[in-house]
Colleague: 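First, the structure itself, so that you have it in front of you.
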Amino acid sequence: MRPLVSVLIPAYNASRWINQTIASVRAQTYSPIETVVVDDGSTDNTLEVLRRLEWPGIKIVAKANGGPASARNTAFRLAQGDYIYFLDADDIVAPDTIEACVARLERAADPYAFAVSRWCRFWKSTDDAKYHEEPTFRDWDGFGCLLHILSNEIGGTQAIGTWVVPRPLIERVGPWREGYISPIDDGEYLSRILGACTYMYFSPRGNLFYRSGIGGLSSRRSPAHLEGIFRSLVTMTGVLRQMEDSARTRYATARTFQAFIYDTYPQLPQRLVREAEQLVAKYGGAPDCKPGGSPAFNVARHLVGWKAARRAQTAWRTLRAGPADRTQVASVAS
């Protein structure tokens, strides 16, 4: 009998997309699969939609809102699978993805290795998906992959809905971090997987369709989310240095926080700016890390400095944003 795969889906106000997500799970060529969906205190009709979808292979649980980490931890406690597959409630998985990753892991016969598939972004329909080659689309040892991700030399990571992870590795890594909301909590958790795994195998078959364009400026730049990103980066860089304390891991740490400052100014609260600057200095600085932006931004930063150029860029984006986003930006920057 083939190993059971548990698909774990946290859902919060996902009624617009959850039908497509669940349908993509049901269309998987692999079996057996169980699906555990945790409604995390949705204020829309997500739970009602889910209950109309019930079939023998799905478990639906409702809980008070606690964030995606809490929902994923709840789902894992209910899961019975030999392999764990995390999937966000607005994404779509191609039919052969789980089968391809499980096949790769069964050949490896290593309970502390995990497998990943390709992924691409889409907006309104998977027909408009933007395919791209990530540097992580290859076999990696855990250290090499995490060093690459944090060095920011080319960019690239592995979206959460691409991982198929053996239960023993999940148990070694431990639960998702609760208590704060981070837009990159999947990156933080992936760093811990990479720190605990023996190997990451890449399957060229399969694909995750990652839905983009559904969050506004305020959802990405609120004080709580910026705090969450900072905490996640502290964990990620800490895992890297635990694996190897060297000039290259200290450099990757300094570069990570310098890039964080560049990317989040001027919304980043001054307290976090100071903490990030202290970490950049502690780990030796990253003089070759430059603020990125449009051609207009790059011209402006040479004329008036990167901070003034970033403030002007932020003001322009705020003018183009909705009223809620304008209010949010103003409150963060003050």
Side-chain angles (χ1 to χ4, degrees), residues 90 119-125 127-137 148-159 182-184 186-187 209-230 232-233 236-237 251-270 272-277 279-280 285-334:
D90 55 353
W119 66 281
C120 62
R121 296 182 183 275
F122 80 102
W123 284 260
K124 294 181 179 180
S125 166
D127 292 336
D128 66 13
K130 180 182 179 181
Y131 290 85
H132 46 90
E133 288 293 323
E134 289 286 352
T136 48
F137 288 178
H148 162 75
I149 289 171
L150 290 174
S151 292
N152 293 311
E153 293 171 352
I154 306 174
T157 186
Q158 277 301 131
S182 171
I184 61 166
D186 54 346
F209 294 92
Y210 181 94
R211 192 183 299 269
S212 295
I214 59 175
L217 179 62
S218 62
S219 68
R220 299 192 304 271
R221 298 287 181 164
S222 71
H225 281 190
L226 292 174
E227 175 88 28
I229 293 171
F230 180 77
S232 293
L233 292 176
M236 294 169 71
T237 54
Y251 168 79
T253 299
R255 186 181 176 94
T256 294
F257 287 102
Q258 185 63 69
F260 174 66
I261 294 169
Y262 286 150
D263 290 345
T264 58
Y265 184 85
Q267 293 93 350
L268 189 64
Q270 284 301 307
L272 293 182
V273 172
R274 289 191 294 270
E275 289 187 48
E277 288 175 339
L279 289 169
V280 173
D288 63 336
C289 181
K290 305 299 182 183
S294 66
F297 167 81
N298 288 325
V299 170
R301 75 179 174 88
H302 288 297
L303 294 174
V304 298
W306 76 267
K307 289 186 176 180
R310 189 71 84 201
R311 287 195 296 269
Q313 181 186 54
T314 301
W316 171 246
R317 288 176 175 172
T318 302
L319 287 173
R320 298 177 63 189
D325 284 342
R326 295 187 193 119
T327 302
Q328 185 68 60
V329 171
S331 67
V332 174
S334 61

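Atoms considered below: every heavy atom in the structure, side chains included; atoms not considered: hydrogens, waters and symmetry mates. Just so you know, these numbers come straight off a predicted model, no measurement behind them.
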Colleague: Is any side-chain heavy atom of Trp306 closer than 4.5 Å to one of Lys290?
Modeller: no
Colleague: Please confirm whether the backbone N or O of Lys130 pairs with a side-chain atom of Arg121, one donor and one acceptor, at under 3.5 Å?
Modeller: no
Colleague: Show the nearest heavy-atom pair for residues Gly292 and Phe297, with the distance to one decimal.
Modeller: O-CE2, 3.5 Å
Colleague: Would you indicate whether the side-chain heavy atoms of Phe230 and Leu268 approach each other to under 4.5 Å?
Modeller: no
Colleague: Treating Thr264 as the side-chain partner and Gln267 as the backbone partner, does any N or O pair qualify as donor plus acceptor under 3.5 Å?
Modeller: no
Colleague: Arg255 versus Leu150: any side-chain heavy-atom pair under 4.5 Å?
Modeller: no
Colleague: Given Ser182 and Ser232, is the side-chain hydrogen bond (donor to acceptor under 3.5 Å, both in side chains) satisfied, shown in steps?
Modeller: CA-CA 7 Å; Ser182 171; Ser232 293; 2.8 Å; yes
Colleague: To the nearest 0.5 Å, how far apart are CG in Leu233 and OG1 in Thr253?
Modeller: 10.0 Å
Colleague: Going by heavy atoms in the side chains, are Gln158 and Phe137 under 4.5 Å from each other?
Modeller: yes
Colleague: Got Thr314 and Arg311 here, is their nearest side-chain heavy-atom distance under 4.5 Å?
Modeller: no
Colleague: Taking atom CD of Gln270 and atom CD of Glu275, what is their separation to the nearest 0.5 Å?
Modeller: 12.0 Å
Colleague: Please say whether the positively charged group of Lys307, taken as NZ for Lys or CZ for Arg, lies over the ring of Tyr265, i.e. under 6.0 angstrom from the six-membered ring centre and within 45 degrees of the axis.
Modeller: yes
Colleague: Checking the side chain of Asp128 only, and the main-chain atoms of Trp123 only, is there a donor and an acceptor separated by less than 3.5 Å?
Modeller: yes
Colleague: Counting only heavy atoms from other residues, nucleotides and ligands, does the tally under 6.0 Å from CZ of Phe209 exceed 12?
Modeller: yes
Colleague: How many angstroms lie between OH in Tyr210 and CG in Asp90, if you round to the nearest 0.5 Å?
Modeller: 7.5 Å
Colleague: Rounded to the nearest 0.5 Å, what separation is found between the CD atom of Gln258 and the SG atom of Cys289?
Modeller: 5.5 Å
Colleague: Roughly how far, to the nearest 0.5 Å, is CD1 of Ile261 from OG1 of Thr256?
Modeller: 11.5 Å
